[in-house]
Number of protein chains: 2
Amino acid sequence: MPAAIGPSSPWDAVPDLLRARGMRWTPQRRTLIEVLAGIGGHLTGAELVERCRAADPTTTPSTVYRTLDVLEELGFIRHGHGADGREEFHVLPRTAHGHLHCGTCGSSWELGASEVGGLVRALRRGRGFHVDLSHVTIVGQCESCASAESRP
Amino acid sequence: MPAAIGPSSPWDAVPDLLRARGMRWTPQRRTLIEVLAGIGGHLTGAELVERCRAADPTTTPSTVYRTLDVLEELGFIRHGHGADGREEFHVLPRTAHGHLHCGTCGSSWELGASEVGGLVRALRRGRGFHVDLSHVTIVGQCESCASAESRP
DNA sequence: GTCGGTATTGCGACGCCTTGCAACAACAGC
DNA sequence: GCTGTTGTTGCAAGGCGTCGCAATACCGAC
């Protein structure tokens, strides 16, 4: 019995987008898409590999990372680097955004375009430099860690 | 014959600073310091390991990285992460500064406190977040790459 | 000068991610 | 439905960086 017309998801377009570019729709890619569709927010590459392995134990890291590259080209994900330099992927970013990372407690927050807008404009005007916002990670210390440290 | 009193270097203080903290001055650390003193600017961890190996083939990566941690605690170097997430060390930073990295051509520039000042203040006021400037790497596209791309 | 406590080293193993390559399989055309 | 092309996969190996552990050697004390 054919599934009823379910809630349409942006991911549904992936197979055709791939084929339109002469690329192929494979079970391995399907696995990764299902994992990505089932979660949201930020994940490291290793976490993604692990979740794919949970869904399909034959998953290979290299395939996951290569598929992530493809999905990034298609705009479905973006990657940046966390405070430790490890890759971090953002699923379906509504708008480009950077990240704020507390080096003490490890929490992180999104950094909206409005907050970095001044810097982005200044760099564009002053240096002709075009900032890739999704790749911006600002490291430092968050409010609660800073106050905890000044009053131990 | 004892060396004449040479040009004094900030590195000369390292042995005593270490001992003052109950740490030790070892030949391996000496090798790394000599390498660092002989260059300047930005280097990746791997480059540093390689240069140490050139000076002393018995050099071990783990020792180099651990010594770099110590030197960072002492303030002689700072590390950040380049566009690809790899570690990058800055020798003797005069002032805290961030980095601007062109993802297309790979060049990078220093980002002065004045340029990021607005963002730093906004984050402090708005979120109580204290930015670690030396850890900031802004990725994007530089002027020449951007214009080369728009007019191929 | 020697001795002992302990910081440091070197090793081996691991984790994350990338790359080259041969074998495989998706898919367009018949 | 079969077939050939060629994009993908899985493997193996490698690079960068970290960590635990036993052996080493620095350095302060005697």
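Numbered from 1 within each chain, the chains take letters A, B, ... in sequence-line order.
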Problem - A/V14 side chain reached by A/L71 side chain, heavy atoms, under 4.5 Å - result: yes
Practice task
Using a cut-off of strictly less than 4.0 Å, decide whether B/Q28 has a side-chain nitrogen or oxygen near OP1 or OP2 of C/dG10.
Solution key: yes
Practice task
Taking only the side-chain heavy atoms of B/S62 (C-beta and beyond), determine which of C/dG10, C/dA7, C/dA25 contains the nearest atom.
Solution key: C/dG10
Fill in the blank from the handout: Whichever of A/E87 and B/T60 has the more 5' nearest nucleotide on DNA chain C, that residue is B/T60
Exercise for the section: Side-chain contact test, heavy atoms from C-beta onward, threshold under 4.5 Å: evaluate it for A/V131 versus A/R124 and give yes or no. Expected result: no
Handout entry: Point-to-point distance, once rounded to the nearest 0.5 Å, from CH2 of B/W25 to CG of B/L17
Key = 10.5 Å
Handout entry: B/R30 and B/E34: CA distance, side-chain angles, deciding distance, salt bridge (charged side-chain N to carboxylate O under 4.0 Å, His left out) verdict
Key = CA-CA 6 Å; B/R30 190 171 179 283; B/E34 281 172 357; 2.8 Å; yes
Practice task
Specify the separation, in whole Å, of atom CZ of A/R53 and atom P of C/dC16.
Solution key: 11 Å
Exercise for the section: Mind checking the CG-NE2 spacing from A/L123 to A/H130? Nearest 0.5 Å is all I need. Expected result: 10.5 Å
Exercise for the section: For this output row, return yes or no: ring centroids of A/H42 and A/H90 closer than 6.0 angstrom. Expected result: yes
Problem - Watson-Crick or G-U stems of DNA chain D, 3 or more pairs, under 3.5 Å, by first number - result: C:1-30 with D:1-30
Completion exercise
Per nearest nucleotide of DNA chain D, the residue lying toward the 5' end, A/G22 or A/T58, is A/G22
Exercise for the section: Give B/P15 one of three labels, base, sugar-phosphate or nothing, depending on what nucleic acid heavy atoms sit under 4.0 Å from its own. Expected result: nothing
Practice task
Could you tell me whether the side chain of A/R29 and the main chain of A/V64 form a donor-acceptor pair under 3.5 Å?
Solution key: no
Exercise for the section: Using the heavy-atom set of chain A and a strict 4.0 Å cut-off, write down the first and last nucleotide of DNA chain D that makes it in, 5' to 3'. Expected result: D/dT5 to D/dC11
Practice task
For A/L17 and C/dC27, give me the distance from atom CG to atom P, rounded to whole Å.
Solution key: 14 Å
Handout entry: Proximity to DNA chain C (any heavy atom under 4.0 Å), residues of residues 63-79 of chain A only
Key = A/Y65, A/R66
